[in-house]
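Just so you know, these numbers use all the heavy atoms, side chains as well, and skip hydrogens, waters and symmetry mates. Chain A is the first sequence line, chain B the second, and so forth, proteins listed ahead of strands; every chain is numbered from 1.
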2 protein chains.
Amino acid sequence: MGISKTEGFTSEQNEMSSLFKVLGHPARIAIIQYLMSVDACICGDIVEELPLAQPTVSQHLKELKNAGIIQGTIEGKGICYCVNPQKIQLMSQFLEQVIIKKSNQKTCC
Amino acid sequence: MGISKTEGFTSEQNEMSSLFKVLGHPARIAIIQYLMSVDACICGDIVEELPLAQPTVSQHLKELKNAGIIQGTIEGKGICYCVNPQKIQLMSQFLEQVIIKKSNQKTCC
DNA sequence: TTCCCATATTGCAATATTACGATATTCAAA
DNA sequence: TTTGAATATCGTAATATTGCAATATGGGAA
């Protein structure tokens, strides 16, 4: 149906999957990598860095912002973007827990 | 268009985003959590754990398997599933790098 | 004010994803 | 060999996502 069922899942499961979903596109990974590649926040040359048209980049930035993964502050003419590590932390913790639990499991499979 | 452009991105960006995309659904998060909640691999009661029909669960398991996030071995009548930590590790490392780089950045925004 | 630049929004076409009924497959037990 | 339980695949409908041209918006500068 294209619509994900959310009713039967916990809110943690729904929130976690929404976060991962946002990282599930190469352009959004590229945006994060670019934001990390410079030792400051980026004011307005993200569009030039990506192989996508300006409206498409704007859309991806919006999704990252909505998810709380990046934040943007208006800086004169343009907008200054940087990563907000809190949500990244949440995802990282989830994955680390999986790794830890797995390493404590009896071997199988 | 519904189709993600992959040409302009690095293979690392494409591979990383494919991994995250697979975790971008509550059912697949729930499957992983369930696999971790028991101290062994799970042989055939995943369908009962999820609020989805059997073909749908089978489809989600397939995507997790294709991504290498879980592995399943045939065990008599059913199939025994467990998490493969390698790909989880890859995602975790990506996120940790972002956190580390961010903490080393000059404050901005 | 008017112009210009950067970014956002709208609208739409193409494709992807999700869900599930129906059906196929696979294998162990009878 | 047939039966039955577990899982996979097919087919399809509903919805979501992606990408971009066109257009709007929001400031600064002239």
Side-chain angles (χ1 to χ4, degrees), chain A residues 1-9 13-14 17-31 34-35 41-67 69-82 109, chain B residues 1-9 13-14 17-31 34-35 41-67 69-82 109:
Chain A
M1 310 223 169
I3 183 172
S4 297
K5 270 192 160 182
T6 55
E7 315 108 48
F9 301 103
Q13 286 162 348
N14 283 310
S17 63
S18 315
L19 282 178
F20 283 122
K21 192 182 202 175
V22 174
L23 295 192
H25 192 289
R28 298 193 287 260
I29 293 289
I31 288 170
Y34 182 56
L35 288 178
C41 55
I42 299 301
C43 305
D45 45 2
I46 295 179
V47 172
E48 284 78 44
E49 284 294 315
L50 297 181
L52 297 170
Q54 179 268 323
T56 310
V57 175
S58 187
Q59 208 170 259
H60 287 305
L61 286 167
K62 189 182 181 184
E63 284 184 70
L64 284 162
K65 258 191 292 183
N66 285 344
I69 293 172
I70 67 174
Q71 67 190 88
T73 42
I74 298 166
E75 181 86 16
K77 236 197 254 208
I79 291 181
C80 217
Y81 284 107
C82 62
C109 295
Chain B
M1 309 218 177
I3 182 171
S4 298
K5 268 189 157 183
T6 55
E7 314 107 49
F9 301 104
Q13 286 162 348
N14 283 311
S17 63
S18 316
L19 283 178
F20 283 122
K21 191 181 203 176
V22 174
L23 296 192
H25 191 290
R28 297 192 288 261
I29 293 289
I31 288 170
Y34 183 57
L35 287 179
C41 57
I42 299 301
C43 304
D45 44 2
I46 294 178
V47 171
E48 283 79 46
E49 284 294 314
L50 297 181
L52 297 170
Q54 179 267 326
T56 311
V57 175
S58 188
Q59 210 170 255
H60 287 304
L61 287 168
K62 189 180 178 183
E63 283 184 70
L64 284 163
K65 256 190 295 183
N66 285 344
I69 293 173
I70 67 173
Q71 67 192 87
T73 41
I74 298 166
E75 181 84 14
K77 236 196 248 208
I79 292 180
C80 217
Y81 285 107
C82 62
C109 295

Enumerate the residues from residues 56-64 of chain B whose closest heavy atom to DNA chain C is under 4.0 Å, giving them by residue number; use none for an empty result.
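Heavy-atom contacts with DNA chain C come from B:Thr56, B:Gln59, B:His60, B:Glu63.
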
Take the protein atom [atom1] of [X] and the nucleotide atom [atom2] of [N], then report the distance between them rounded to whole Å.
X: B:Ile79; N: C:dT25; atom1: CD1; atom2: P; answer: 16 Å
X: B:Leu50; N: C:dC20; atom1: CG; atom2: C1'; answer: 15 Å
X: A:Ile74; N: D:dG27; atom1: CD1; atom2: C1'; answer: 9 Å
X: B:Lys5; N: C:dA16; atom1: NZ; atom2: P; answer: 15 Å

If each of A:Ile3 and B:Ser4 is mapped to the nucleotide of DNA chain D with the nearest heavy atom, which maps nearer the 5' terminus, i.e. the 5' end?
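Looking at DNA chain D, the more 5' nearest nucleotide goes with A:Ile3.
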
Write down the atom of A:Leu50, the atom of A:Ala30, and the distance for their closest heavy-atom approach.
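Closest heavy-atom pair between A:Leu50 and A:Ala30: CD2-CB, 3.6 Å.
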
Can you name the nearest heavy-atom pair linking A:Val22 to A:Glu63, along with the distance?
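Shortest heavy-atom contact: CG1-O, 4.1 Å.
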
Look at all strands and tell whether B:Leu52 reaches a base, only sugar-phosphate, or nothing, counting heavy atoms closer than 4.0 Å.
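B:Leu52: backbone/sugar contact only, no base atoms under 4.0 Å.
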
Would you check if the side chain of A:Ser18 reaches a backbone N or O of A:Asn14 as a donor-acceptor pair within less than 3.5 Å?
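Confirmed, A:Ser18 side chain pairs with A:Asn14 backbone.
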
Any donor-acceptor pair under 3.5 Å from B:Lys5 side chain to A:Pro51 backbone:
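Between the backbone of A:Pro51 and the side chain of B:Lys5 there is a qualifying donor-acceptor contact (under 3.5 Å).
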
Can you find a donor-acceptor pair, distance only, under 3.5 Å between A:Gln54 side chain and C:dA8 base?
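Answer is yes: a donor-acceptor pair is held.
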
Between A:Phe9 and B:His25, how do the two ring planes meet: parallel, tilted or perpendicular, split at 30° and 60°?
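Perpendicular: the ring planes of A:Phe9 and B:His25 meet at over 60°.
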
Below 4.0 Å: OP1/OP2 of C:dT17 and any side-chain N or O of A:Lys21:
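Result: no.
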
Tell me which of A:Ile46 and A:Thr6 sits closer to the 5' end of DNA chain C, going by the nucleotide each one is nearest to.
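Going by which nucleotide is closer to the 5' end, it is A:Ile46.
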
With B:Glu49 via salt bridge (Lys or Arg N to Asp or Glu O under 4.0 Å) - residues at least two apart
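Listed in chain order: nothing, the list is empty.
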
